[in-house]
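Report on the following structure.
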There are 2 protein chains.
Amino acid sequence: MLLKINFSIDKPIYQQVKEQIIEGIASGKLENGESLPSIRQLATDIGINMHTVNKVYAQLKNEGYISIHKRSGVMVNTVNLQSGKKYVEELEEKIKPIIAESICHGLTKERFKEITSALFQHLHPELAS
Amino acid sequence: MLLKINFSIDKPIYQQVKEQIIEGIASGKLENGESLPSIRQLATDIGINMHTVNKVYAQLKNEGYISIHKRSGVMVNTVNLQSGKKYVEELEEKIKPIIAESICHGLTKERFKEITSALFQHLHPELAS
DNA sequence: ATATCTGTTATATATTAACTATAACAAATA
DNA sequence: TATTTGTTATAGTTAATATATAACAGATAT
């Protein structure tokens, strides 16, 4: 999987890497059980520091996206991810200000649902409806 | 309108203030044409520095949520906000990583639409369907 | 007109976040 | 044994965040 970092925009590098890995998992480009590059390898490939990748992996591990073992390396592991109440509340906290912005811009609920549905479909085409 | 700042969480103060004002506009608690407190007044009320509020107001002005005139003060002004292609693309950039997270957590598209619709309804109850 | 309040701008400082640079360690592997 | 792994420690730089004073010009009210 290819990662592209934009050093011009103000979004932190570690966040760009993190989001792209999560999008890779969501889209199926990164399958469950698949190996990820080692910390040093990915850092060299992208052209960033080792600790920036380490920060990403540590967060992904902490949030349940990957598992890490010495020498066996980094591996996609989504078995612990759940859509329980705890996550839904986190999700609501993240989306709430974005929805407020959309309302201020005059977006209807139906238009908003169209846009999000299209993104959902684009990321995960195999899901029906 | 009452603003509540959480100094414990890692979300910047200026962003908390900004989001709450935008949510106020979205929900109708802040109507178009309504006056907002002066920079110094709001800073004193919340217990933060003047420049932090100034930063919020400058951004809100720049993004088209308010208009500012000397002595006449700060005023909600949403007439320039549009849901054109430019904004939709910004919206998609913001929501995309959140949707990716949701997919990884096993959320279905229908469940996602339920959650966002509920938030939409909660912020803007007068909108039908 | 004088005093006051407004947004705006400038300068300075402290704290934290983000990123990088080396280095070292123990565990696992070839 | 040599190498690669994740992990941790230390140190440094740059940028973002927040605060503290200060000053300015425009607008308002007394």
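Every chain is numbered from 1 and lettered A, B, ... according to where its sequence line falls, protein lines coming before strand lines.
Distance A/His69 NE2 to D/dT7 P: 10 Å, rounded to the nearest Å. We find that CG of B/Asn62 is positioned 17 Å from P of C/dG7, with the value rounded to whole Å. Distance A/Asn54 CG to D/dT5 P: 13 Å, rounded to the nearest Å. Residue A/Ile39 contributes atom CD1, which lies 12 Å from atom C1' of D/dT4 at whole-angstrom precision. When rounded to the nearest whole Å, the span between NZ of B/Lys61 and C1' of C/dT9 equals 13 Å. Rounding to whole angstrom units, CG of residue B/Leu42 and P of D/dT19 are separated by 12 Å. Regarding B/Ile68, its CD1 atom lies at a distance of 10 Å from the P atom of C/dT9, rounded to whole Å. Atom CD1 of B/Ile46 is separated from atom C1' of D/dT19 by 15 Å (rounded to the nearest Å).
For the atom pair NZ of B/Lys109 and CD1 of B/Ile99, the computed distance is 10.0 Å after rounding to the nearest 0.5 Å.
In this structure, A/Lys61 and A/Ile68 approach most closely via the heavy-atom pair CD-CD1, 3.9 Å.
Ring pair A/Phe112/B/Phe120 is tilted by interplanar angle, where 30° to 60° counts as tilted.
The environment of CG in B/Asp10 is sparse: at most 12 heavy-atom neighbours from other residues, nucleotides or ligands sit within 6.0 Å.
By the 4.5 Å heavy-atom criterion applied to side chains, A/Leu60 and A/Lys18 are counted as neighbours.
For the salt bridge (charged side-chain N to carboxylate O under 4.0 Å, His left out) test, no residue two or more places apart in sequence or in another chain qualifies with A/Lys70.
Contact annotation: B/Ser38 side-chain N/O to C/dC5 OP1/OP2 distance is not under 4.0 Å.
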Contact string for nucleotides 12-26 of chain C, one letter per nucleotide 5' to 3', B = base within protein heavy-atom range under 4.0 Å, S = sugar-phosphate only, - = neither, reads ------SSBBBBB-B
